[in-house]
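Report on the structure given below.
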Number of protein chains: 2
Amino acid sequence: MTRTDLTSLTAPRGFRAAAGAFGIKASGRPDLSLLVADVPCAVAAMFTTNLIASEPVVLGRRHVAAGVCRAVVVNAGNANAATGRQGMADALAMCRAVARRVGCKPTQVLASSTGIIGRRLPMDKILPGIDALASKLAVGPRADADVARAIMTTDTVPKADLVRFRIGGKTVTIGGVCKGSGMIAPNMATMLAFITTDAAIARPALRAALRAAVNADASLNRLSIDQHTSCSDSVVVLASRLAGHRPITSLQSADGRAFTAALTDLCRRLAWRIITDGEGVTRVIRVRVAGAATQADAVRAARAVVDSPLVKCAVHGADPNWGRIVTAAGYSGAKIAPRSTSLKIGGIRVYEAGQPTNDRLPDVQKAMRRREVVFDLTIGPGPGNCEFLGCDLSRDYITINADYHT
Amino acid sequence: MTRTDLTSLTAPRGFRAAAGAFGIKASGRPDLSLLVADVPCAVAAMFTTNLIASEPVVLGRRHVAAGVCRAVVVNAGNANAATGRQGMADALAMCRAVARRVGCKPTQVLASSTGIIGRRLPMDKILPGIDALASKLAVGPRADADVARAIMTTDTVPKADLVRFRIGGKTVTIGGVCKGSGMIAPNMATMLAFITTDAAIARPALRAALRAAVNADASLNRLSIDQHTSCSDSVVVLASRLAGHRPITSLQSADGRAFTAALTDLCRRLAWRIITDGEGVTRVIRVRVAGAATQADAVRAARAVVDSPLVKCAVHGADPNWGRIVTAAGYSGAKIAPRSTSLKIGGIRVYEAGQPTNDRLPDVQKAMRRREVVFDLTIGPGPGNCEFLGCDLSRDYITINADYHT
């Protein structure tokens with residue numbers, strides 16, 4: 001079961017991890033993970049924009065604001081969301097239990113939960129689980145793979161990745177795990193992603209780098225499986241600062257740019273792992289919007305395209321029904337005029353400056369049978385652009401989500 | 001084939017209609033309709049907010065602004081959308097052909113088209129069709145039923161309705177037909193709806209009454225099948241003013257209120273016919289949002305709920321997974337706080353002031369097995385509220401839309 005390509009969270013210096021099965025999931029699969037840093041870490045995080053945020057997210061915002069993090073505890077099988085006062089008490093109890101074992105303050109612990117919404121956490125399983133995991137923290141691919149597996153819900157594969165680069169002769173490592181397969185339409189961050197690095201970096205720079213990386217083209221905030229922004233979305237990065245190079249204080253420096261580029265690379269890899277494992281997905285949609293009045297408009301148009309059930313069904317059926325793509329941009333709220341709108345599918349022009357060009361539809365159909373279908377959509381003469389990932393809509397998505405009973 | 005319950009457009013005094021099959025649809029089914037008024041009518045219309053509006057919609061806005069209407073011509077099988085200059089010339093040619101036969105100005109004719117986007121209209125079939133229909137205009141249930149059938153695309157049943165009421169001892173009639181089954185998420189109006197009345201009503205009052213009726217709870221602008229706002233959405237009302245009562249100039253008068261109420265009743269009936277014939281629909285969702293800061297916020301929250309694929313799948317599977325409903329409102333953009341949020345499903349409380357109440361989930365599941373599932377969602381202490389219609393998401397929706405090849 002141990003796959004070395006899942007090497008991730010404990011690859012940077014200063015991190016240990018453990019995960020196991022404690023009966024939170026009815027299936028008996030692994031469901032609790034603990035990540036502990038040997039030293040106080042700089043922490044940055046992006047959480048869901050959903051106004052009904054889960055209780056761990058509400059608590060996590062406060063703990064991240066405190067500025068230092070030593071540990072992250074994650075359970076799957078129960079989201080501890082829409083659980084009110086009891087849910088908040090339970091999230092805090094998780095942080096306290098970890099803090100006691102690690103020897104830090106509860107505010108230096110982040111708790112994260114994913115699974116069914118609106119049910120009380122089984123604390124009688126979680127608290128003994130935290131104790132058990134605290135005794136078997138380890139470094140290495142096996143621990144990393146265990147965590148990647150224990151944060152899964154409807155995911156069919158564990159998702160982790162790693163990037164390495166050099167600053168001033170020293171190797172810097174960034175490792176990440178994530179989960180997410182349904183309820184994926186991040187609007188700030190994606191489902192759950194945890195990232196560790198040994199880069200020496202000041203907290204403001206870490207925060208800015210995370211924001212840039214998550215909002216980059218085709219990254220964690222530029223994908224949608226089913227437009228439903230979860231109440232639990234969280235991307236967290238911990239920096240142990242043990243890599244030994246001169247600290248990064250500005251992202252404008254060469255080192256700062258190198259760090260942001262590496263973190264962006266990692267976030268894009270994680271995003272790709274999420275979209276390709278989307279519920280029922282058979283094809284990935286990559287939409288590149290250009291010419292928008294603003295970047296926000298580009299994102300609006302791209303999201304409307306990848307979230308349209310009609311576009312998703314057309315891609316599922318490899319149907320070159322391009323009017324659905326253009327009209328989705330038309331209702332997106334982005335500024336768009338037919339006369340300055342053009343569309344290519346798989347590099348083939350189908351609509352140019354408001355006029356249809358249908359002469360190569362059989363080739364378009366062929367391009368739509370690929371595993372990845374690319375839309376190049378220009379909606380005006382503006383400077384705004386973005387690249388966004390989506391997926392098709394299949395009968396399997398419905399099977400998974402009509403029958404995932406509560 | 002003649003069903004008297006489809007009596008509609010020619011029931012008010014002053015209207016004749018005809019429809020037939022002219023080869024615009026590959027299936028050979030009826031595809032062209034003509035409605036002609038004996039007298040110049042007051043006209044009001046609401047069109048799509050999609051910025052990629054179809055060419056007939058762009059032309060229709062101008063003709064409605066001219067203020068008087070004598071005829072409406074509608075083809076199905078081809079939307080004449082995203083067709084540019086050629087499409088505009090074709091829409092105008094349809095109006096001219098009708099005007100010649102009716103003896104009016106082309107600006108007094110509305111053309112409307114629905115079907116595949118991005119293809120040129122087969123004018124060689126449409127122009128002779130207009131001539132043929134102009135020779136067989138008639139009054140009565142048969143003509144009305146023919147029109148209801150000839151405007152259909154993926155609809156499985158023709159949709160028409162009729163309301164009658166009295167003003168000053170005179171009977172006033174309002175008849176309507178509509179079509180729409182997919183690409184239904186009106187944001188101003190719904191797919192295509194044509195309404196006639198013999199009410200004597202001034203144009204500004206007619207316009208205001210139409211807006212109120214279309215935006216009423218559970219009416220034509222308060223439903224979504226698949227969130228994709230069409231480029232062709234149009235609701236048009238023609239008033240022949242032949243009913244013989246004293247003209248309505250203000251909606252604040254008793255007669256004005258009676259007219260608005262009757263028109264609203266008709267629009268709600270048409271909306272119900274559309275949602276129950278939605279593509280692949282097995283269950284209707286009726287969501288009542290209350291306590292919103294504004295009515296716009298109430299509509300935002302309601303739309304997010306009925307458009308969430310996860311909510312739609314839960315309803316399809318009769319799964320009381322209420323966390324999906326609450327979190328959809330949470331990402332809707334509406335102001336909402338967990339502590340003031342409550343939800344009932346089928347009248348049974350599941351979430352109250354931010355606390356879960358899961359003790360009656362088996363009853364909730366039973367309520368979700370009904371043909372119509374009702375959500376009562378309170379999102380705050382505000383005055384904003386609305387009632388919105390949606391539907392479940394089934395495998396049949398995907399079959400219809402992945403295989404509806406272009």
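Lettering follows sequence order; numbering is per chain, from 1.
Between B:P356 and A:G118, the shortest heavy-atom contact is CB-O, 3.4 Å.
The choice from B:A53, B:G323, B:A79 that makes the most heavy-atom pairs within less than 4.5 Å of chain A is B:G323. Top candidate by heavy-atom pairs under 4.5 Å with chain B, chosen from A:I117, A:T341, A:L310, is A:L310. Chain B forms more heavy-atom pairs under 4.5 Å with one residue of A:P309, A:G354, A:P338 than with any other, namely A:P309. With respect to chain A, the highest number of heavy-atom pairs below 4.5 Å among B:H316, B:R85, B:Q86, B:K335 belongs to B:R85. In terms of heavy-atom pairs under 4.5 angstrom with chain A, the leader among B:I336, B:I398, B:D392, B:D396 is B:I398.
Using modelled atom types, no side-chain atom of B:N358 and backbone atom of A:R119 make a donor-acceptor pair closer than 3.5 Å.
Contacts between A:A334 and chain B at a heavy-atom distance below 4.5 Å involve the backbone alone (N, CA, C, O). For B:A82, the parts lying under 4.5 angstrom from a heavy atom of chain A are both the backbone and the side chain. Proximity to chain B (any heavy atom under 4.5 Å) is shown, for A:A328, by both the backbone and the side chain. Residue B:R120: no heavy atom, backbone or side chain, is found under 4.5 Å from chain A. Proximity to chain B is absent for every atom of A:R339, based on heavy atoms less than 4.5 angstrom apart.
Taken from OG in A:S394 to CZ in B:R395, the straight-line distance is 10.0 Å, to the nearest 0.5 Å. With rounding to the nearest 0.5 angstrom, the NE2 atom of B:H228 is 11.5 Å from the SG atom of A:C313. A:C231 contributes atom SG, which lies 11.5 Å from atom OH of B:Y331 (distance to the nearest 0.5 angstrom). Atom CZ of residue A:R324 and atom CG of residue B:N401 lie 5.0 Å apart, to the nearest 0.5 angstrom.
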